[in-house]
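Sequence positions, counted from 1, serve as the residue numbers for this chain. What you see below is based on every heavy atom in this structure, not just the backbone, and it leaves out hydrogens, waters and symmetry mates.
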Amino acid sequence: MQPHYNTTFTEMNINLNSRVSSRDFIYYVSSWVNSLPDSLFKPYSLGRHQKISDRLLVIIVIFAFYHNIRSSRKIAELIKYDIRLILLTHGQTISYRTIERFMDSYQQTGLIDNLFDCLNYQLTQAKVINNDVAYIDGTIIRADSYKYGFVWRKSVIKFLGKLKIKVCQLEPLLLQLGIFCNSSVFSDPNLSKMDQLVNTMIIALNKINTTLQEKHTTINRSKLKKTRRKLKKYLRIAKELRSRMAKYLTQLDFLGKRNSYAKTDTDATFMHFKDDPMNNGQVKPGYNLQIATNDGFVIDYDIYQRPADSKTLIPFVEKSKWLQNAQVIVADAGYGSEQNYNYLKKLGIKPLLEYATYRQEQKRNYQKKLQWHYDETTDSSPIIKVLNCLSRFFCTS
């Protein structure tokens, strides 16, 4: 028979320390955070009178992220019911708003970078990591944004060019109405020129309105009203074109050097993912995360908006002090390029980077084919000379 249990809530004094092992992850995190200097932390206000240190919040956030909990609401629930966090906070409740404000604030102040530098310094002093070899690899992480709302550079440039043509088409229409604008307004229009055009049209419309309000005017009123209707139509078109131009220019500012971005996350770029469930090469918004490791420890990281790994190596090395002091850098074939080889050799770093056709060149079938030999002194090959001769022949003929 199933035993009878009393399901009513009772008050019991339980020793929580005996329920948590001394080898638990939270003890290692708390001991490491408490060993850091006080200059990295500052008191953080929970409310009007209640304050808490950054150390406690850092321990809580690291513990939650270690258990794959990243939501501020779920972290607040974890503080209430997890025995380890109850012991750490001494039963103190922390709202999800406090955790969210703290996570936003330490990302802005660079606290996470300082903690990362301190950890690397301690590992170096303990001779766990060294500057002999650095391994670099990248992975594309999915952005939390709407994947069907995106902006492409080619589309924006195409629509902006068509819009400028429509602006130039307003010049003969305004001349038919007797409205003269500066010709420079219609040559390569921009926002300031569009404002000048709209102001000119508004002034002309106000003059027509004042003329129509005069009772003893000798001008044909029906003809003047017809001109006013057309001018209102053209003014509405000019305002719409001006707003669309501002929209396209803003999109180009968000794009920068990229080819696309997501509307709900303007920092994300559309990239190809390896784990595409449709297996049709569909692009999604994401970021290119670059990580450098040594002896199994992450020594540096950075996030880029470029999907190609070959374009991220040089800025990653320039940003990282650890990589600049490394003797050897090892990476896969995605980083192999002549520009990267020359850059690392200038820094005195030995590059172990495969190029795209390295494995193919090791096969017998490839070696049997006719190969063009490369001359390092002249930085050329015989195919260059052949192409130059052919170009001269066709140009003279």
Could you tell me the separation between the [atom1] atom of [X] and the [atom2] atom of [Y], rounded to the nearest 0.5 Å?
| X | Y | atom1 | atom2 | answer |
| --- | --- | --- | --- | --- |
| Asn288 | Thr269 | CG | OG1 | 9.5 Å |
| Leu344 | Gln324 | CG | CD | 11.0 Å |
| Asp144 | Arg142 | CG | CZ | 8.0 Å |
| Tyr146 | Asp265 | OH | CG | 15.0 Å |
| Ile79 | Arg84 | CD1 | CZ | 13.0 Å |
| Asn199 | Leu235 | CG | CG | 10.0 Å |

Q) Which is it for Tyr301 and Asp113 under the side-chain hydrogen bond (donor to acceptor under 3.5 Å, both in side chains) test, yes or no, and what are the steps along the way? A) CA-CA 10 Å; Tyr301 68 94; Asp113 294 331; 3.1 Å; yes
How far apart are the closest heavy atoms of [X] and [Y], and which atoms are they?
| X | Y | answer |
| --- | --- | --- |
| Met245 | Leu191 | SD-N, 3.9 Å |
| Ala76 | Ile99 | N-CD1, 3.9 Å |
| Ala326 | Ile349 | O-CG1, 3.4 Å |
| Leu323 | Ala134 | CD2-CB, 3.6 Å |
| Val167 | Pro189 | CG1-CG, 3.8 Å |
| Cys168 | Phe186 | SG-O, 3.0 Å |

**Q.** side chain to side chain contact (heavy atoms under 4.5 Å, CB included) evaluation trace for Lys74 with Tyr96
**A.** CA-CA 8 Å; Lys74 292 183 179 180; Tyr96 73 92; over 6 Å; no
Is [Y] reachable from [X] through a run of hydrophobic residues whose side-chain heavy atoms are each under 4.5 Å from the next?
| X | Y | answer |
| --- | --- | --- |
| Leu160 | Val151 | yes |
| Ile62 | Tyr27 | yes |
| Met103 | Leu88 | yes |
| Val328 | Ile129 | no |
| Leu115 | Leu123 | yes |

[X] side chain to [Y] main-chain N or O, any donor-acceptor pair under 3.5 Å?
| X | Y | answer |
| --- | --- | --- |
| Gln327 | Asn131 | no |
| Tyr341 | Leu353 | yes |
| Gln305 | Asp267 | yes |
| Lys232 | Leu205 | no |
| Asn340 | Ser310 | yes |
| Asn206 | Ile202 | yes |
| Arg153 | Arg258 | yes |
| Asp82 | Leu78 | no |
| Arg221 | Leu212 | yes |
| Lys147 | Val283 | no |

Q. So, are Asp117 and Lys321 salt-bridged, with charged N and O less than 4.0 Å apart?
A.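 So Asp117 does not pair with Lys321 through a salt bridge.
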**Q.** Pairing of Asp38 and Arg55 as salt bridge, 4.0 angstrom limit
**A.**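 Yes.
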Q.
In this structure, is the centre-to-centre distance between the rings of Tyr355 and Tyr358 below 6.0 Å?
A.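 Judged by ring-centre distance (under 6.0 Å), Tyr358 and Tyr355 do meet the cut-off.
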Does atom [atom1] of [X] have more than 12 heavy-atom neighbours from other groups under 6.0 Å away?
| X | atom1 | value |
| --- | --- | --- |
| Arg70 | CZ | yes |
| Lys233 | NZ | no |
| Arg306 | CZ | no |
| Tyr135 | OH | no |
| Lys164 | NZ | yes |

Q: Classify the angle between the aromatic ring planes of His67 and Phe63 as parallel (below 30°), tilted (30 to 60°) or perpendicular (above 60°).
A: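 Judged by the thresholds at 30° and 60°, the geometry between His67 and Phe63 is tilted.
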(Q) Can you tell me how the ring of Phe270 sits relative to the ring of Phe150, calling it parallel under 30°, perpendicular over 60° and tilted otherwise? (A)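 The rings of Phe270 and Phe150 stand perpendicular, inter-plane angle above 60°.
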Contact between [X] and [Y] at the side-chain level, heavy atoms closer than 4.5 Å - yes or no?
| X | Y | answer |
| --- | --- | --- |
| Tyr248 | Ile157 | no |
| Val133 | Asp295 | no |
| Leu36 | Gln122 | yes |
| Phe180 | Leu175 | yes |
| Lys311 | Ser337 | no |
| Phe102 | Ile94 | no |
| Leu119 | Phe297 | no |
| Ile26 | Tyr66 | no |

Q) Under 3.5 Å, is there a donor-acceptor pair between the Gln290 and Asp300 side chains? A)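 Note: Gln290 and Asp300 side chains miss the donor-acceptor criterion.
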Q) Under 3.5 Å, is there a donor-acceptor pair linking the side chains of Tyr304 and Asp302? A)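 The criterion, which ignores hydrogens and geometry beyond distance, is satisfied for Asp302 and Tyr304.
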Q) When you look at Thr200 and Val185, which way does the side chain to side chain contact (heavy atoms under 4.5 Å, CB included) test go after all the steps? A) CA-CA 11 Å; Thr200 304; Val185 174; over 6 Å; no
Q: Kindly determine whether Lys154 and Lys158 satisfy side chain to side chain contact (heavy atoms under 4.5 Å, CB included), including the steps that lead there.
A: CA-CA 6 Å; Lys154 290 184 179 179; Lys158 181 180 72 174; over 6 Å; no
Q: With side chain to side chain contact (heavy atoms under 4.5 Å, CB included) as the test, would you mind laying out the steps for Gln251 and Lys247 before giving the verdict?
A: CA-CA 6 Å; Gln251 290 175 350; Lys247 172 187 172 184; 3.4 Å; yes
